[in-house]
There are 2 protein chains.
Amino acid sequence: MSGVMNETYSIKELADEFGVTPRTLRHYEDQGLISPERQGQNRIYHGADRVRLAWILRGKRVGFSLQEIGAMLDLYDVGDGRETQRAVTVERCRERIHALEAQRDDINATIDELQEFCELIANLKRDKKSGTWVRRDTGEPLGTYAPRKTA
Amino acid sequence: MSGVMNETYSIKELADEFGVTPRTLRHYEDQGLISPERQGQNRIYHGADRVRLAWILRGKRVGFSLQEIGAMLDLYDVGDGRETQRAVTVERCRERIHALEAQRDDINATIDELQEFCELIANLKRDKKSGTWVRRDTGEPLGTYAPRKTA
DNA sequence: GTTGACGTTTACGTTAACGTCAAGTTCAAT
DNA sequence: ATTGAACTTGACGTTAACGTAAACGTCAAC
């Protein structure tokens with residue numbers, strides 16, 4: 001094994017790589033999401049920290065709070081290993097999966113509506129008479145949501 | 001047509017139906033996301049407002065900010081209708097779709113990892129020697145992320 | 001006629017997730 | 001020996017998305 005896998009990173013290196021600031025990494029550490037090694041005062045990040053960070057940031061993109069992400073990461077730290085505790089972990093894990101699937105459904109529904117709308121707009125034409133926009137196929141006008149009297 | 005479609009709602013009725021508070025609806029109004037009719041001081045919500053609210057809340061579940069949701073709703077309000085403006089709308093619409101698809105990919109990746117992990121945990125057994133948890137199939141131990149010296 | 005449920009506006013409070021100084025250290029380079 | 005770059009720890013500032021409380025109007029019910 002060539003020692004290429006034992007790479008370490010300074011806080012700025014890791015931050016830059018993931019497009020965040022050092023402050024963000026320190027914040028995640030404050031929240032107990034990562035705990036890098038120390039050399040004196042300075043933080044030294046290893047591969048495992050890098051993987052964790054990637055997980056955290058993906059969690060953020062998915063819309064989770066740092067708390068929720070922390071809870072999910074805790075699942076991975078089985079640690080002691082009481083038998084019942086293990087069952088709880090599995091249960092929580094499945095809950096998260098269901099939540100994620102629900103969210104995916106929401107996203108799909110949103111995509112579908114945007115898609116429909118996008119095509120509708122792309123196929124509009126001017127109405128000779130009214131000078132307003134109508135559908136190229138049916139000639140139907142658009143239902144606009146009217147702001148009621150901002151007065 | 002029986003007049004059942006012209007139903008209106010008080011602020012609390014609508015709020016209750018969607019599991020939010022009246023304050024939330026007023027806030028969305030402040031942000032220009034909905035603008036219900038008024039009877040004197042009081043707000044009267046119609047079907048169109050209800051649909052909008054559903055959209056907003058789904059947007060929230062998907063992880064969008066109220067600003068972003070407002071921008072997406074603006075897409076639907078084609079309004080004036082300059083030709084170039086229409087093209088811009090279509091373009092922005094497609095951008096949003098791509099962002100949502102990327103987010104869906106993230107969700108799928110997260111689901112996959114949780115799924116794998118969940119099955120892994122479900123198939124653990126105790127190691128006679130070490131007294132620690134190992135995989136039922138390979139006997140391999142778990143890689144735990146070690147918090148480094150909280151001292 | 002007053003209580004209670006609902007509505008209103010105004011305005012300050014709260015939490016999350018950092019941003020943004022300030023003030024100090026450490027270490028290599030000039 | 002001093003500059004500069006990168007690190008550190010406070011600690012206060014900021015934005016978003018409401019919560020919460022104050023002070024008031026309205027109308028049906030008792």
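The analysis underlying the following values was restricted to heavy atoms, covering all of them including side chains, and did not include hydrogens, waters or symmetry mates. Order of the sequence lines fixes the chain letters, A, B, ..., with proteins taken first and strands second; residue numbering starts at 1 for each chain.
Gln39(B) places its CD atom 12 Å from the C1' atom of dG7(C), with the value rounded to the nearest Å. We find that CG of Asp30(B) is positioned 15 Å from P of dC12(C), with the value rounded to whole Å. Atom CZ in Phe64(B) sits about 13 Å away from atom P in dA17(D), given to the nearest Å. Atom CG of Leu25(B) is separated from atom C1' of dT8(C) by 14 Å (rounded to the nearest Å). Rounded to whole angstrom, the span from the CD1 atom of Ile69(B) across to the C1' atom of dA17(D) amounts to 11 Å. We find that CG of Leu14(B) is positioned 11 Å from P of dG7(C), with the value rounded to whole Å. In this structure, the CG atom of Leu33(A) is 13 Å from the C1' atom of dA16(C), given to the nearest Å. As rounded to whole Å, 14 Å separates atom P of dT15(C) from atom CD of Gln31(A).
Contact annotation: Thr24(A) does not reach the phosphate of dA17(C) (side-chain N/O to OP1 or OP2, under 4.0 Å). Considering only side-chain N and O atoms, Gln67(A) lies under 4.0 angstrom from the phosphate OP1 or OP2 of dA16(C). Phosphate proximity of dA17(D) to Tyr28(B): absent, as no side-chain N or O sits under 4.0 Å from OP1 or OP2. One finds a side-chain N or O of Lys60(A) lying less than 4.0 angstrom from the OP1 or OP2 phosphate oxygen of dC18(C).
Cation-pi geometry between Arg58(A) and Trp55(A) is satisfied (NZ or CZ under 6.0 Å from the ring centre, within 45° of the ring normal). The cationic atom of Arg96(A) (NZ for Lys, CZ for Arg) lies less than 6.0 Å from the six-membered ring centre of Phe64(A) and within 45° of the ring axis.
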N/O contacts under 3.5 Å, protein versus nucleotides 5-7 of chain D?
residue: dC7(D); atom: OP1; partner: Ser10(A); partner atom: OG; Å: 2.8
residue: dC7(D); atom: OP1; partner: Lys12(A); partner atom: N; Å: 3.4

Report, one pair per line, the protein and nucleotides 20-25 of chain C atoms (nitrogen or oxygen only) whose separation is under 3.5 Å.
residue: dT20(C); atom: O4; partner: Arg23(A); partner atom: NE; Å: 3.3

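Using modelled atom types, one finds a donor on one side chain and an acceptor on the other under 3.5 Å when comparing Asn108(A) with Arg104(B). Side-chain contact annotation: Asp49(B) with Tyr145(A), donor-acceptor N/O pair under 3.5 Å present.
Pairing each heavy atom of Leu100(B) with each of Ile107(A), the nearest pair is O-CG2, 3.7 Å.
Salt bridge Arg38(A)/Glu29(A): present, at least one basic N to carboxylate O contact under 4.0 Å. We find that Asp127(A) and Lys129(A) are not joined by a salt bridge, their nearest charged nitrogen and carboxylate oxygen being 4.0 Å or further apart. Ion pairing between a basic and an acidic side chain is recognised when a charged N comes within 4.0 Å of a carboxylate O; Arg50(B) and Glu7(B) show no such pairing.
Between Phe117(A) and Tyr76(B), the ring center distance clears the sub-6.0 Å criterion.
Out of dA17(C), dA16(D), dT8(D), the shortest distance to the side chain of Arg38(A) is found at dT8(D). Candidate nucleotides dC18(D), dC18(C), dA16(C) were compared by shortest atom distance to the side chain of His27(A), and dC18(C) ranks first.
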